[in-house]
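Each remark here refers to the structure printed beneath this line.
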Amino acid sequence: MRAQRSIRVATLAACAALTLALGIASTGCSVVSRQMRAYTDGPTPTRKADLGTLYAKDARLSALWIGHASVLVRMDDRFFLADPVLGNQVGAFSRRLVAAGMSAEELPPALTVLISHAHFDHLSLGTLTQIDAKVRRAYVPVGTACYLPNVSFDARELGAFKADEDLGFKVTAVPVKHRGGRYGADEMWNEETFTGYVIEYHGLTVFFGGDTGYDGALWKRVKNRFPSIDLAILPIGPIHPRPFMRGMHVDGYEAVSTFQDLGAKYMLPMHFATFVNSTDDDGEDLTRFQDAVKQAKVEPTRAFALVQGEAHIYVKKDATDGPDEPKQASPTEESKTNAPEHDAPKKDDDDTRMGD
Amino acid sequence: MSRARDITARSRAPRVVRLALVALVALLALLTFSPSARAFDTELPPPTADVRQPMYQPTLGWFAAQLLPSPEIAGGSQGAAWGLKWQLTPVAYSWGVYRKISPWRFGVVDPTARQSGSVELYVSPEYVYFPTHSGTPSWKGDELFLRYGGRAYFPLWERGEFLSTSIGASVYEFNGSWATAYEAGVYGVGGLVGLQVNVSPSSGPLRVVSTAVLRFF
């Protein structure tokens, strides 16, 4: 009797183990096959960088999605490049699925680079070296400068709700929910090495979320400090395995909730369809996001995805505005020159000043 | 007689290895928990206004990672041997890190600093075992010894994170005599894995040693 029960338990355990093994194997096969496809076929070509839209004369706030978390934002005459990764590989093995939407040569000079954290898909040592001559300053989270290569541009670390505004615009680091470090064990030493950013210039406000999990209370704090965000650039992946990802990555539904919590006018989704860094199905991130937009009854003109290389104008000039074309757009302009000061940045809240 | 001494030497060898491992563990524990170890980060240059200096400390995770040996095979006058190698890096200087960050590392060397271009001094406890050997009285058949050396790393791809190379030289006392070795290596995955080849023209038993490097910080 006892022997029969033991056999039944053993059989059940074996079945469970086999199911688990098959599940892991099939998931692993899916990830490996996508990676192998990227290795053998190379990245899928994308459209030519939409520089015409980015540099349009009537644009005050425009953005071009380069791919993954790399976004080039234009705010009047200033350019901000978030998490630049232009190479075909991140980390040891993850290959690019879709070509970068912009080359290093096409980037404007006098860039301000924002690095949200040191993970390989957000901080590329090769890319930073490649664009070194075009970068005027980089902002990184506290404890992250040690991951930078010996580039010539100036880099500054910003802690939570610390701001820097000596270049004529204001960049504030805002806390997000993610994980730090770059190589695994260094997370124990570098716990705070992740952040989001808010850029304020000429009355325009842009939120860049980097990588983040959902935290409604945190978004309320951010909204209290920055009540009129024009554009929220938010990740919508990776999704799976959800129990593991939930604490540090929003999916499309949580991204749209974040967008609503922040009270932003527009949302640009990113961090999807570029590298294989999860067990998500092809297109799953975007499908969830589009479904979330419908469910939340957000106007589709306020939250929509771009393809790699596509740009969109979010805020246009009023007819009364004077000309304020991007100075950096001219390829003949010498890089790293100090751009002249323009209108005073919008009035700052006392609690977001440097040294706060 | 020589046979008996050889057997004695062989049976004593594991005890020597155990003692050496205990010593290694004790040294690493000392590094991990002693006040001087905690001073690693405080002895770095003061932080600039813009950046925080790295605070690499020998934590338990690092400590455990250092115990992982790199397997190796050797060849020379006594035939083929297999072995294990560990590494302690008392000091390293990197010319590949950002200019506001201290180029010096003591004890714990991060992959960015090491693989992006650096020079390091190291001590490697190394154990080699010859399964077949001549069995002469002066020859034990296995030995744990220390290799003292210096090595320079050069980045090849993605600032060395994807691919880097190294050259170096070392000295060691093996089987009662000192020898010099010259080394070349290639590394990938942030220096986590690599291959080193040591050539020692003056050493009979360890003329060529190939090591599959496994190292984390």
Side-chain angles (χ1 to χ4, degrees), chain A residues 85-95 113 115 118-121 123-130 132 135 137-159 162 164 166 173 180-193 354-355, chain B residues 32 38 40-41 44-45 47-66 68 94-105 108-118 155-164 187-193 215-217:
Chain A
V85 176
L86 302 176
N88 279 342
Q89 184 167 322
V90 294
F93 308 109
S94 189
R95 296 288 289 181
V113 166
I115 290 167
H119 291 171
F120 289 100
D121 55 334
L123 169 57
S124 163
L125 306 188
T127 299
L128 290 181
T129 308
Q130 204 180 355
D132 188 4
V135 180
R137 179 174 295 168
Y139 292 99
V140 299
V142 170
T144 306
C146 62
Y147 298 108
L148 296 177
N150 56 351
V151 285
S152 64
F153 58 75
D154 180 42
R156 293 188 179 182
E157 293 181 344
L158 286 180
K162 299 286 190 295
D164 192 16
D166 68 351
R182 181 171 177 86
Y183 303 105
D186 51 336
E187 190 185 352
M188 290 185 285
W189 302 300
N190 284 334
E191 294 168 341
E192 304 163 3
T193 53
M354 192 78 167
Chain B
T32 307
R38 300 221 179 278
F40 277 2
D41 59 308
L44 288 169
T48 69
D50 300 335
V51 302
R52 190 179 76 183
Q53 294 301 317
M55 296 191 295
Y56 295 112
Q57 295 171 43
T59 59
L60 280 175
W62 175 86
F63 170 73
Q66 303 317 300
L68 184 71
S94 172
W95 60 84
V97 293
Y98 184 54
R99 63 178 183 279
K100 292 181 185 175
I101 296 295
S102 168
W104 295 99
R105 299 289 184 273
V108 186
V109 186
D110 52 304
T112 309
R114 179 178 270 137
Q115 311 304 141
S116 66
S118 66
L156 294 177
W157 182 18
E158 194 76 7
R159 290 283 174 156
E161 271 191 337
F162 292 179
L163 195 65
S164 61
Y187 313 86
V189 200
L192 185 69
V193 294
R215 187 192 299 137
F216 195 62
F217 281 73

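Quick note on labels: first sequence line is chain A, next is B, and so on, each numbered from 1.
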Are [X] and [Y] close enough that some pair of their side-chain heavy atoms sits under 4.5 Å apart?
| X | Y | answer |
| --- | --- | --- |
| B/W157 | A/Q89 | yes |
| A/D154 | B/D50 | yes |
| A/N150 | B/R159 | yes |
| B/E161 | A/Y147 | no |

Which region of A/S124, side chain (C-beta onward) or backbone (N, CA, C, O), has a non-hydrogen atom less than 4.5 Å from a non-hydrogen atom of chain B, or is it both or neither?
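For A/S124, backbone and side chain are both near chain B.
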Below 4.5 Å from any heavy atom of chain B, which atoms of A/E192 appear? Answer side chain, backbone, both or neither.
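Contact with chain B involves the side chain of A/E192 alone.
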Under a 4.5 Å heavy-atom cutoff, which of B/G160, B/S94, B/P111, B/G188 has the most pairs with chain A?
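Going by pairs under 4.5 Å, I would pick B/P111.
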Parallel, tilted or perpendicular: ring planes of A/Y183 versus B/F217, cut at 30 and 60 degrees:
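The arrangement is perpendicular - the two ring planes meet at more than 60°.
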Tell me whether B/R99 contacts the main-chain N or O of A/V151 through its side chain, where contact means a donor paired with an acceptor under 3.5 Å.
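Yes, B/R99 side chain to A/V151 backbone: donor-acceptor pair under 3.5 Å.
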Atom pair [atom1]/[atom2] of [X] and [Y] - distance to nearest 0.5 Å:
| X | Y | atom1 | atom2 | result |
| --- | --- | --- | --- | --- |
| A/T144 | B/Y98 | OG1 | OH | 13.0 Å |
| B/T112 | A/D186 | OG1 | CG | 8.0 Å |
| A/R182 | B/D110 | CZ | CG | 11.0 Å |

For B/R52 versus A/V142, what's the shortest heavy-atom pair and its separation?
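B/R52 and A/V142 have their closest heavy atoms at NH1-CG1, 3.8 Å.
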Chain B contacts, top residue of A/C146, A/G184, A/G126 (heavy-atom pairs, under 4.5 Å):
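Most pairs with chain B among the choices: A/C146.
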